[in-house]
Amino acid sequence: QVQLVESGGGSVQAGGSLRLSCRVSGNTDRTYCIGWARQTPGKEREGVAGVGTMAGTTYYADSVQGRFTVSRDKAENIVYLQMNRLRPEDTAMYYCAAGRYCAEAGVLVLDGYNYWGQGTQVTVSS
């Protein structure tokens, strides 16, 4: 089992920044990707970013490319999502996830995740 605990959500004005943290614990022997997804009411959950645990390869959704950065602190077992130039459309519940793979053919997917955190709310006002 892998446990994921998110923190760092909050409210910010458009153009601002937030940094989300995901503390990872448990048996991560078969965890090869840790990432972030988001969801708003009435919409499907969508992948935001992911980082491979072996080579550190990162993946991003087109909508956040160039604004968000995912990184991993191996020593502390924390994965971060630095979010800059936030937009109102970034408002969502953000979830940390862990699993077997981040992407298929280089495209970020959610199918590879086995474990999910409880989520942290991000609200961006215009």
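One-based numbering along the sequence shown. Computation of the quantities below employed the complete heavy-atom set of this structure, encompassing side-chain atoms and omitting hydrogens, waters and symmetry-equivalent molecules.
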Flag if over 12 foreign heavy atoms under 6.0 Å of CG, Asp62: no
Arg23 atom CZ, over 12 foreign heavy atoms within 6.0 Å: no
Flag side-chain contact, heavy atom, 4.5 Å: [X] against [Y]:
X	Y	result
Asn114	Arg100	yes
Val2	Leu4	yes
Ser7	Leu20	no
Ile78	Val24	no
Val70	Tyr80	no
Leu81	Val48	yes
Val109	Tyr101	yes
Glu6	Ser21	no

Which distance, rounded to the nearest 0.5 Å, do you find between the [atom1] of [X] and the [atom2] of [Y]?
X	Y	atom1	atom2	answer
Tyr32	Met54	OH	CE	6.5 Å
Thr28	Ile34	OG1	CD1	7.0 Å
Cys102	Tyr60	SG	OH	10.5 Å
Ser17	Arg85	OG	CZ	9.5 Å
Ser125	Arg87	OG	CZ	15.5 Å
Thr123	Gln13	OG1	CD	12.5 Å

Joint cluster assignment, Val124 & Phe68, ILVMFWY side-chain distance < 4.5 Å: yes
Same apolar cluster: Leu18 and Val64, side chain cutoff 4.5 Å: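 In one cluster: yes.
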Parallel, tilted or perpendicular, as decided by the 30° and 60° cut-offs, for the rings of Trp116 and Tyr95: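 Rings of Tyr95 and Trp116: perpendicular, over 60°.
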Intermediate values then yes/no, side-chain hydrogen bond (donor to acceptor under 3.5 Å, both in side chains), Arg38 and Tyr94: CA-CA 4 Å; Arg38 66 188 181 187; Tyr94 283 71; 2.9 Å; yes
Sequence neighbours excluded - salt bridge (charged side-chain N to carboxylate O under 4.0 Å, His left out) pairs with any residue from residues 66-76: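 Residue pairs with at least one partner in residues 66-76: Arg67-Asp90.
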Of Glu46, Glu44, Arg45, the residue whose pairing with Gln39 passes side chain to side chain donor-acceptor pair (under 3.5 Å): Arg45
Polar side-chain atom of Thr53 near backbone of Thr31 as donor-acceptor pair, under 3.5 Å: yes
